[in-house]
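Structure record follows, encoded as structure tokens.
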Amino acid sequence: MAEQKTIALLPLTDAQQKALIEVRTELGTELSDLWDDPRLLRFVKARNFDKEKAKEMIRANIKWRVEKNVDKVLEVFPTRKFYQQLMDYWPGAIHKDDFEGLPVWYERIGKADPKSIFANLTEDDLVEFHIYLAESREKLLYEVWRNRGQMSEGSICLQDCTDLGWKHMHSQAISTVKKLAALDANHYPETLKKMYVVNTPGSFTMFYKMLKPFLDPKTIQKIQIVSGNGFNELKQDIVKENIPKFLGGESDCPFLDKAGGVYGKSSSEEEEHWDEVQISAKDKFELKFKLKKDDLVAYRFRCDSKDIGFQVSEEISKSTLVPYTRYDQGKTIEGEVTAPIEGEYLLRWDNSFSKLTKKKIKYSIHIEQQSEGTPAL
């Protein structure tokens with residue numbers, strides 16, 4: 001068997017080099033052949049070269065890999081009955097490389113339909129799929145490192161948020177994404193160089209607020225949210241010939257163009273859920289919620305005739321979070337509020353100014369409790 005090329009590590013200070021050597025020595029036979037110097041460095045660096053925290057993280061990873069049979073996932077997952085359909089459907093893929101020759105991952109999450117996915121797959125299926133993708137990308141990254149003989153800071157990911165909206169406000173999907181974020185932080189550290197987030201709709205702020213508390217602080221520092229398709233930023237890292245056409249580049253990328261088609265029939269084919277209420281003239285409609293600090297309420301609504309007043313307030317402190325505004329008919333209003341304190345929060349739709357006309361509004365509410373803590377896998 002040909003000897004594998006040595007991968008030169010990233011530059012380290014004397015203290016960092018010492019910590020890396022001591023972690024390897026102290027763990028000794030607990031480390032399998034999988035734990036070459038680049039892998040060990042990723043985990044030690046993820047814990048800021050704190051030896052005890054790094055050893056705890058590494059031991060947890062070793063245990064997790066055994067429990068999830070991760071070493072066999074690249075062989076086992078393709079045998080799953082849903083493998084090919086999911087691979088054809090999922091709107092994400094590696095497409096060409098950056099200036100350093102490192103693979104670039106593109107994902108168009110707005111094309112995924114959570115209702116359809118969870119009607120046909122379990123959370124365990126999706127976790128295994130995510131691990132399969134992570135192992136595949138890590139393997140490719142290591143191949144590039146070996147060919148170059150040099151470790152890098154990681155690779156570039158791009159998240160295209162076109163079509164991201166309320167259909168993605170799916171409790172099970174959000175819960176799963178939080179778990180996958182924790183999984184990446186705990187088991188695939190230091191593989192991300194930079195993440196571009198592009199084509200962000202108004203609803204993106206709402207989703208990001210929900211997910212941000214569950215992201216590793218180092219990951220947050222690597223996220224670059226840009227306006228439009230991000231082409232001007234991408235061309236600083238990737239040649240125009242390698243950037244997909246849907247992002248302003250010149251590269252044909254048929255899979256990413258068509259990905260996100262119907263995965264399978266949903267358990268319900270009805271339209272996205274809206275609640276309805278009729279508000280009499282000179283009256284109002286209110287919803288009250290008890291929230292803890294940092295909990296989030298996302299809302300959307302539209303009025304079917306003339307206009308309706310709306311505001312959000314906290315009752316105990318008598319503070320206003322969304323000022324009173326009257327909105328015209330037919331326009332869908334979306335927004336979110338993060339609770340600054342624990343209290344009682346009131347959403348009020350006001351028709352008291354109308355002397356004769358009753359109003360019908362359609363509305364959807366989603367409450368995200370940020371105080372639950374980081375989900376575990």
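These values consider heavy atoms only, across backbone and side chains, with no hydrogens, waters or symmetry-generated copies.
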NZ/NE/NH1/NH2 to OD/OE distance under 4.0 Å, Arg348 and Glu286: yes
Lys51 side, atom NZ; Thr25 side, atom OG1 - distance, nearest 0.5 Å: 9.0 Å
Flag, side chain of Asn351 to backbone of Ser280, donor-acceptor distance under 3.5 Å: yes
Members sharing Ile21's hydrophobic cluster (side chains within less than 4.5 Å): none
Ion pair Lys18/Glu22, N-O distance below 4.0 Å: yes
Side-chain H-bond candidate by donor/acceptor type, Asn147 with Glu143, under 3.5 Å: no
Asp328 vs Lys306, salt bridge (Lys or Arg N to Asp or Glu O under 4.0 Å): CA-CA, chis, key distance, verdict: CA-CA 6 Å; Asp328 292 334; Lys306 295 193 176 180; over 6 Å; no
Sequence-distant partners of Asp307, salt bridge (charged side-chain N to carboxylate O under 4.0 Å, His left out), two or more places apart: Arg326, Lys359
Results of salt bridge (charged side-chain N to carboxylate O under 4.0 Å, His left out) for Glu56 - residues two or more places apart only: none
Salt bridge (charged side-chain N to carboxylate O under 4.0 Å, His left out) involving Asp304 - partner list, sequence neighbours excluded: none
Pair Asp113 + Lys167: basic N to acidic O under 4.0 Å: no
Whether Tyr132 and Tyr83 hold their rings parallel, tilted or perpendicular, with breakpoints at 30° and 60°: perpendicular
CG on Asp184 to CG on Leu192, rounded to 0.5 Å: 9.5 Å
Salt bridge present between Glu123 and Lys179 (N-O < 4.0 angstrom): yes
Verdict with reasoning, Thr176 to Phe118, per side-chain contact (heavy atoms from CB on, under 4.5 Å): CA-CA 10 Å; Thr176 300; Phe118 282 98; 3.5 Å; yes
Cluster check Val337, Leu346: I/L/V/M/F/W/Y, side chain < 4.5 angstrom: no
Residues that Lys96 engages under salt bridge (charged side-chain N to carboxylate O under 4.0 Å, His left out), provided they are two or more places apart: none
Cluster overlap Leu86 with Val73, hydrophobic side-chain contacts below 4.5 Å: yes
Rounded distance [0.5 Å steps], CG in Leu180 versus OH in Tyr188: 11.0 Å
Flag, side chain of Thr320 to backbone of Pro323, donor-acceptor distance under 3.5 Å: no
Flag for Ser313-Glu315: side-chain donor and acceptor within less than 3.5 Å: yes
Glu153 and Lys193 ion-paired at < 4.0 Å: no
Polar side-chain atom of His168 near backbone of Ala112 as donor-acceptor pair, under 3.5 Å: yes
Residue that, paired with Phe246, satisfies side chain to side chain contact (heavy atoms under 4.5 Å, CB included) out of Asp160, Asn229, Thr162: Asp160
Interatomic distance, Glu128 atom CD to Leu133 atom CG [nearest 0.5 angstrom]: 11.0 Å
Whether Asn186 side chain and Ala182 backbone form a donor-acceptor pair below 3.5 Å: yes
Candidate pair Leu247 and Tyr106, rule side-chain contact (heavy atoms from CB on, under 4.5 Å), full reasoning: CA-CA 11 Å; Leu247 295 174; Tyr106 296 88; 3.7 Å; yes
Check: Tyr196/Asp237 side-chain N/O donor and acceptor closer than 3.5 Å: yes
Non-hydrogen side-chain atoms of Arg148 and Ser152 separated by less than 4.5 Å: yes
Gln159 (side chain) donor-acceptor with Val198 (main chain) under 3.5 angstrom: no
Any donor-acceptor N/O pair, Glu314 side chain to Ile316 backbone, under 3.5 Å: yes
Polar side-chain atom of Arg300 near backbone of Ile365 as donor-acceptor pair, under 3.5 Å: no
Ala8 backbone acceptor or donor facing Gln150 side chain under 3.5 Å: yes
Ring centres under 6.0 angstrom apart (Phe285, Tyr363): yes
Glu190/Lys222 ion pair, N-O < 4.0 Å: yes
Glu334-Ser203 side chain donor-acceptor pair, cut-off 3.5 Å: no
Rounded distance (nearest 0.5 Å) linking atom OG1 of Thr325 with atom CD1 of Ile308: 12.5 Å
Side chain Asp216, main chain Lys218, donor-acceptor under 3.5 Å: yes
Atom pair CD1 (Ile131) and OG (Ser136), whose distance is rounded to the nearest 0.5 Å: 11.5 Å
Heavy-atom neighbours of Lys240 NZ exceed 12 at 6.0 Å: no
Single-linkage hydrophobic cluster Phe310~Ile367, side-chain heavy atoms < 4.5 angstrom: yes
same_hphob_cluster(Ile220, Met210) at 4.5 Å side-chain heavy-atom cutoff: yes
Residues that, via side-chain heavy atoms closer than 4.5 angstrom, fall in one hydrophobic cluster with Tyr142: Ile7, Leu9, Leu10, Leu12, Leu20, Val23, Leu27, Leu31, Leu34, Trp35, Leu40, Leu41, Phe43, Val44, Phe49, Met57, Ile58, Ile62, Leu102, Leu141, Val144, Trp145, Met151
Residue pair His95 / Val104, side-chain heavy-atom distance below 4.5 Å: no
Residue pair Ile225, Tyr208: steps toward the side-chain contact (heavy atoms from CB on, under 4.5 Å) verdict: CA-CA 11 Å; Ile225 301 168; Tyr208 191 51; 4.1 Å; yes
Cation over ring face, Arg302 and Trp274, 6.0 Å, 45°: yes
Arg42 with Glu138: basic N within carboxylate O range, under 4.0 Å: yes
Expected output: side-chain Thr122 to main-chain Asp125 donor-acceptor under 3.5 Å: yes
Steps toward salt bridge (Lys or Arg N to Asp or Glu O under 4.0 Å) verdict (Lys245, Asp252): CA-CA 6 Å; Lys245 287 182 177 179; Asp252 289 318; 2.8 Å; yes
same_hphob_cluster(Tyr299, Leu164) at 4.5 Å side-chain heavy-atom cutoff: no
Residue pair Thr79 / Phe77, side-chain heavy-atom distance below 4.5 Å: no
Check against side-chain contact (heavy atoms from CB on, under 4.5 Å), Glu135 and Arg65: CA-CA 11 Å; Glu135 288 289 310; Arg65 291 186 72 89; 3.1 Å; yes
